[in-house]
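Structure first, commentary second.
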Amino acid sequence: MRAAARAPAAAEPEVEVEVVALAAGGDGVARLPDGLTLFVPLAAPGDRLRVRVVERRKRFARAEIDEILEAGPGRVIPDCGFFGRCGGCQWQHLDYSVQVAAKKEILREALARIGGWTLPRDIPFAASPSPYGYRARTRLLSGRDGIGYRQRRSHALCAVDRCPVLVAELQDELCRLAAEPGLRDQRGSGGEQELLVDRHGGVRSTRIDSSGHRPRDVAHERIEVLAGADRMGVSAGTFVQGNLLLRDLLHEAVLAAAGRGHRALELYAGAGFFTLALARSFDVVDAIESSAGAVADLRANLKAVDLDGVRVIRGDAEESLRSAVGPTPDLILLDPPRVGLSPGALEALAQLGAPRIVYLSCDPATLSRDTARLRPHGYALDSVRGFDLFPQTSHIEALAILVLAPSGPA
């Protein structure tokens with residue numbers, strides 16, 4: 001049966017509200033006169049606003065700002081003229097200190113409410129050394145109107161010719177692409193442009209068409225980025241941590257959390273950002289990755305540094321956990337996509353009974369859900385810390401360490 005479409009609220013009067021907090025998705029949080037929770041995009045804590053309700057549900061409503069009656073103390077002028085139309089950033093109107101404080105609270109609240117964990121009030125949180133000019137990898141949407149990102153809450157293109165969160169090298173390349181008339185005909189077919197800065201400051205610009213295909217001459221071309229002290233080759237389309245300014249700190253923190261031992265299991269290994277260093281701290285490493293391109297990069301990177309003891313397994317995490325993994329590892333390290341782990345993968349992971357799990361997450365809600373599901377298997381949350389890999393957005397990276405109780409699974 002087709003679900004009924006949710007129509008916008010009809011002819012609701014404008015209301016005045018005060019924004020009291022920021023929600024996980026980036027919206028401001030207020031209350032309507034009847035007490036219903038209200039989410040307001042582009043709002044700042046302390047704002048007094050006149051808003052128009054555009055959607056009403058049983059437990060919450062959404063609104064758009066009609067007028068800022070009084071700005072909150074943390075509201076600032078956005079650096080980008082496309083802000084508000086472009087969907088890439090949600091928080092350029094907030095002072096960076098407000099962004100960091102909000103992310104710390106969102107992470108703490110998710111782990112407490114969804115995960116059921118008791119946490120210290122102040123979670124360690126690494127701010128980006130600069131709130132702009134940090135991003136060394138990006139995917140741009142292309143079309144007849146130009147190149148850019150998707151519009152806010154839309155699939156339509158918001159064409160841009162500058163993006164202040166990009167490092168200078170990518171900013172220059174974006175300007176070149178936006179002004180290049182020869183790309184106009186290619187843009188008509190849609191697709192994306194991937195930009196990545198290498199360790200020398202060079203830029204690889206790769207066109208990816210709407211079917212996901214890359215030109216043959218660059219599909220297997222690898223450029224080098226740094227993974228701690230290692231040089232790591234990555235091909236077009238392979239994931240790389242985007243914040244150039246926090247990449248070293250994140251790498252160091254994850255490897256310190258992993259420690260040393262005999263056997264380690266790494267899920268979602270990618271091209272080896274953590275694997276190369278992990279192989280120097282453990283005698284045996286099983287590295288699982290589903291992407292064919294990332295697996296090829298990982299094998300090439302391991303061969304380049306002549307590291308033994310790493311078994312690369314290409315496959316789905318759940319299937320590989322059930323069929324391809326050997327004895328109980330001393331450590332499980334995982335860096336899953338935003339959706340987290342499937343119930344089957346979590347069950348298979350828990351059954352391995354590793355004494356230590358290091359979980360790097362890009363979504364506090366799925367991190368909280370997954371760690372809560374490990375609790376009945378005897379795991380406790382030992383520590384958690386946050387990283388602001390994406391200033392000006394509501395995205396939060398978190399590193400959690402779980403340990404197995406000495407008595408084993410409950």
Set out, in order, the CA-CA distance, both residues' side-chain angles and the distance that settles salt bridge (charged side-chain N to carboxylate O under 4.0 Å, His left out) for R369 and D363, then state yes or no. CA-CA 10 Å; R369 177 203 67 193; D363 188 286; over 6 Å; no

Is the backbone of W91 close enough, under 3.5 Å, to the side chain of Q99 for a donor and an acceptor to pair up by distance? yes

Just verifying a value: how many Å separate R135 CZ and L389 CG, rounded to the nearest 0.5 Å? 10.5 Å

Once salt bridge (Lys or Arg N to Asp or Glu O under 4.0 Å) is applied, do any residues pair with D286, and if so which ones, sequence neighbours excluded? R263, R311

Flag the pair D388 / I396 as yes when at least one side-chain heavy-atom distance between them is below 4.5 Å, and no otherwise. no

Quick check: does any side chain N or O of Q151 sit under 3.5 Å from a backbone N or O of L157, one acting as donor and the other as acceptor? yes

Given salt bridge (charged side-chain N to carboxylate O under 4.0 Å, His left out), test R121 with E105 step by step and report yes or no. CA-CA 9 Å; R121 184 68 192 178; E105 180 57 24; 3.4 Å; yes

Do side-chain atoms of D47 reach the backbone of G72 as a donor and acceptor pair under 3.5 angstrom? yes

Please check: side-chain N/O of Q392 versus main-chain N/O of P131, any donor-acceptor pairing under 3.5 Å? yes

Let me confirm one number: the CD1-CG distance from I357 to L404, rounded to the nearest 0.5 Å. 8.0 Å

Closest heavy-atom contact between W117 and A372? NE1-N, 4.1 Å

Tell me, with the steps shown, if R373 and E347 meet side-chain contact (heavy atoms from CB on, under 4.5 Å). CA-CA 9 Å; R373 288 175 177 173; E347 181 66 26; over 6 Å; no

Inter-residue atom distance L255.CG - L333.CG, 0.5 Å rounding: 8.0 Å

Does some side-chain heavy atom of D79 sit less than 4.5 Å from a side-chain heavy atom of R162? yes

Taking all heavy atoms of A258 and all of F282, pick out the closest pair and write down the distance. O-CZ, 3.6 Å

Hey, mind stepping through T138 and Y149 against side-chain hydrogen bond (donor to acceptor under 3.5 Å, both in side chains) and telling me if it holds? CA-CA 10 Å; T138 192; Y149 301 100; 3.1 Å; yes

Which pair of non-hydrogen atoms, one from Q193 and one from S205, has the smallest distance, and what is that distance? NE2-OG, 2.9 Å

Is a side-chain donor or acceptor of R59 paired with a backbone partner of T37 at a separation under 3.5 angstrom? no

H251 side-chain N/O to F274 backbone N/O, donor-acceptor pair under 3.5 Å: no

Should V76 and V98 count as side-chain neighbours, where that means a heavy-atom distance under 4.5 Å? no

With under 30° as parallel and over 60° as perpendicular, where do the rings of F83 and H93 fit, or are they tilted in between? parallel

Exam field: side chain R314 to backbone A296, donor-acceptor pair closer than 3.5 Å: no

Quick one: do R50 and E70 make a salt bridge, cutoff under 4.0 Å? no

Sidechain-backbone polar pair: K103 side chain, S394 backbone, donor-acceptor under 3.5 Å: no

So E67 and L69, side-chain contact (heavy atoms from CB on, under 4.5 Å) or not? Walk me through it. CA-CA 6 Å; E67 184 181 358; L69 302 173; 3.6 Å; yes

Within the 4.5 Å heavy-atom criterion, are E194 and R137 side-chain neighbours or not? yes

Between R247 and V225, is the side-chain contact (heavy atoms from CB on, under 4.5 Å) condition met? List the steps. CA-CA 10 Å; R247 197 180 281 168; V225 299; 3.9 Å; yes

Donor-acceptor pair, side chain of D382 and main chain of V403, under 3.5 angstrom: no

d(R199 CZ, E224 CD) to nearest 0.5 Å is 4.5 Å

Output, in order, the C-alpha distance, side-chain angles, deciding distance and verdict of side-chain contact (heavy atoms from CB on, under 4.5 Å) for L226 and R231. CA-CA 5 Å; L226 292 178; R231 301 174 185 177; 4.1 Å; yes

What are the two closest heavy atoms between A43 and L22, and how far apart are they? O-CD2, 3.7 Å

Main-chain N/O of C362 paired to R338 side chain as donor or acceptor, under 3.5 Å: yes

Pairing of R322 and E319 as salt bridge, 4.0 angstrom limit: no

Does D198 form a salt bridge (charged side-chain N to carboxylate O under 4.0 Å, His left out) with R204? I'd like the steps, not just the answer. CA-CA 8 Å; D198 68 20; R204 181 180 64 197; over 6 Å; no

Shortest non-hydrogen pair, L32 vs A61, comes out as CD1-CB, 4.0 Å

Considering all heavy atoms, the nearest G261-D330 contact: C-OD2, 3.8 Å

Verify whether one side chain among D370 and Y359 offers a donor that lies under 3.5 Å from an acceptor in the other. yes

dist I288:CD1 -> L298:CG (nearest 0.5 Å) comes out at 11.5 Å

Is it the case that more than 12 heavy atoms not belonging to H155 sit under 6.0 Å from its NE2 atom? no

Evaluate the salt bridge (charged side-chain N to carboxylate O under 4.0 Å, His left out) criterion for residues E55 and R153: first the C-alpha distance (whole Å), next the side-chain angles of each, then the deciding distance (0.1 Å), finally the verdict. CA-CA 14 Å; E55 181 183 350; R153 295 188 174 173; over 6 Å; no

To the nearest 0.5 Å, what is the distance between CG on L244 and CD on E169? 8.0 Å

